[in-house]
There are 2 protein chains.
Amino acid sequence: MSPSRDAVRQRILEAAGSEFAERGFENATVRQICHKAGANGAAVNYYFGDKQQLYLETVRLASEARIEQISPPPRNRSTPAEVHLYDHVRTLLERMLGSEQDPWQVKLLMREVLQPTEACRELVEQHFRPRFEYLQNLLDSWLPPGMPDYRRRQVAFSVVGQCVHYRMAGEVIAMLTPEEDRRRYHSLDQLAFHITTLTLASLQHRPIWELDTQLRELLEELAEATSS
Amino acid sequence: MSPSRDAVRQRILEAAGSEFAERGFENATVRQICHKAGANGAAVNYYFGDKQQLYLETVRLASEARIEQISPPPRNRSTPAEVHLYDHVRTLLERMLGSEQDPWQVKLLMREVLQPTEACRELVEQHFRPRFEYLQNLLDSWLPPGMPDYRRRQVAFSVVGQCVHYRMAGEVIAMLTPEEDRRRYHSLDQLAFHITTLTLASLQHRPIWELDTQLRELLEELAEATSS
DNA sequence: GATCGTTTAAAGCGCTTGTTTTAATCGAGG
DNA sequence: CCTCGATTAAAACAAGCGCTTTAAACGATC
């Protein structure tokens, strides 16, 4: 029970996460993971039993680190729903895109979404569903009361889909967007701003440019309020 | 140069496609491909040189088969832009989702989008970019003339993102949607209908339910016109 | 300093991978 | 019928895989 025991475990988890994220479960090799972690080739089996259990641990670690770490900013009770929607969208985008040097957590979770293993159901129930239901309730602020459930869900899927697309199809989007524009206009704030106003435009049946200025004003007010 | 030469090649391509789609390039095995194709274990190397070249062939085959095969229906010159948008959205959805027993082509192309190899650039320039520019022009029907290019692109990305989401996150969406509702409301037509009217609502700053009835009427008119 | 559970190191096991090799089979032309 | 290039079949190859084993090194306790 040396003090370095946890340190080695942690180094292996970190190395395994990035390998699993980059190459997928089957293609990642225990040898490479151990080498990257500076541990012996038998360390994975010693600490985690086998490759599969190591994988499950990394998925749990990834969802906790990534999803519970990045949260929407705290707001006053009186904050308008438009800002809450913006916060939600921005948080979702930040979880997908926001990070220097692209940590492994998001890639790993994306793999689970795309090709769920047993680790996915836990992920959905624990993290995705609550967030999704919160978004649905938020959207009810503008939807007519008679809107059927299935349609409410689809509106929410539309919002999520717009956000996720910038990560899933990120490389293709990059090919379709001039580099100059990408640098200038694909910041988290600007993407969140676009998706929020486009969504609000469809829900409030008002022109996009009106909502552009309205949301900009709302955000500036809040920025001043918190800075003072 | 027996007459069966092309037949064997074709069988191997078909088997390789489904294996590559299901397991990815590295995880698919030449042995399994040959077994599935009813060919000998050395056939891949004999006909294609090596595994890599076989993969490139299957990607080319997939994009041609899938993308050129499913096209929007022919329309009159006078067809309103709303219907063209609906057609485009529906075609995109059909390419993603529409097929009995889920052929391998879409999965393979999704893999290329998610983790592009050298085969991807060809795919983008040949298929994705033209379709994307067509969509942008279509959306210009409702966007104000002053809208900057980067924003026009983002609106188009929003439309594509909503469509693609139903494929990329299909399994998670299934977990979040009651099975009953999925059977009833996740048909190609209904998904396309939802995405189209939501998009039109934001662009025409009119309520969703108004556009629901308008688009429904437009489509019914066209259905009657073509059936008569 | 000896002892004993914990951790590391290195070698090896059985198996599967992509590819090559070698031999058998086929089919049309002479 | 024989021949010879094209194709198939089956075995073999080296390399890499997850995992196990064996033995050495370590560290606290007596």
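Chain naming here is simple, since letters A, B, ... match the order of the sequence lines and numbering starts at 1 in each.
- Evaluation of atom-type donor-acceptor distances gives no pair under 3.5 Å for the side chain of Arg31(A) against the base of dG16(D).
- The side chain of Tyr46(A) places no N or O atom within less than 4.0 Å of a non-bridging phosphate oxygen (OP1 or OP2) of dT8(C).
- Shown here are the side-chain contact (heavy atoms from CB on, under 4.5 Å) partners of Ser63(B), two or more places apart in sequence or in another chain: Leu109(B), Leu123(B), His127(B).
- The CZ-P distance, from Phe20(A) to dC17(D), rounds to 13 Å in whole Å.
- Rounded to whole Å, the distance from CD1 on Ile12(A) to C1' on dT8(C) is 11 Å.
- The separation between Asp50(A) atom CG and dC15(C) atom P is 18 Å, rounded to whole Å.
- At distances below 3.5 Å, at least one donor-acceptor pair connects side-chain atoms of His194(B) with backbone N or O atoms of Gln154(A).
- The side chain of Asn40(B) has dT8(D) as its nearest neighbour among dT8(D), dG18(C), dC19(D).
- In this entry the distance linking NE2 of His35(B) with C1' of dG18(C) reads 18 Å, nearest Å.
- Atoms CG (Asn45(A)) and P (dC13(C)) sit 17 Å apart, rounded to a whole Å.
- Nucleotide dG18(D) holds its P atom 11 Å from the CG atom of Asn27(B), rounded to whole Å.
- Look at Tyr47(B) and you won't find any side-chain N or O under 4.0 angstrom from OP1 or OP2 of dT7(D).
- Using a distance-only test at 3.5 Å, with no hydrogens or angles considered, a donor-acceptor pair links the side chain of Glu112(A) to the main chain of Thr117(A).
- A salt bridge between Glu64(B) and Arg60(B) is absent, with no side-chain N of the basic residue lying under 4.0 Å from a carboxylate O of the acidic one.
- For the pair Tyr55(B) OH and dG18(C) P, the computed distance is 15 Å after rounding to whole Å.
- Picking from dA10(C), dT20(C), dA6(D) the nucleotide with the shortest atom distance to the side chain of Ala42(B) gives dT20(C).
- Classification of the Tyr185(A)-Tyr150(B) ring pair by plane angle, with boundaries at 30° and 60°, yields parallel.
- A straight line from CD of Gln53(A) to C1' of dG18(D) spans 14 Å, rounded to a whole angstrom.
- You'll find that the side chain of Lys51(B) is closest to dT19(C), out of dT19(C), dT6(C), dT7(D).
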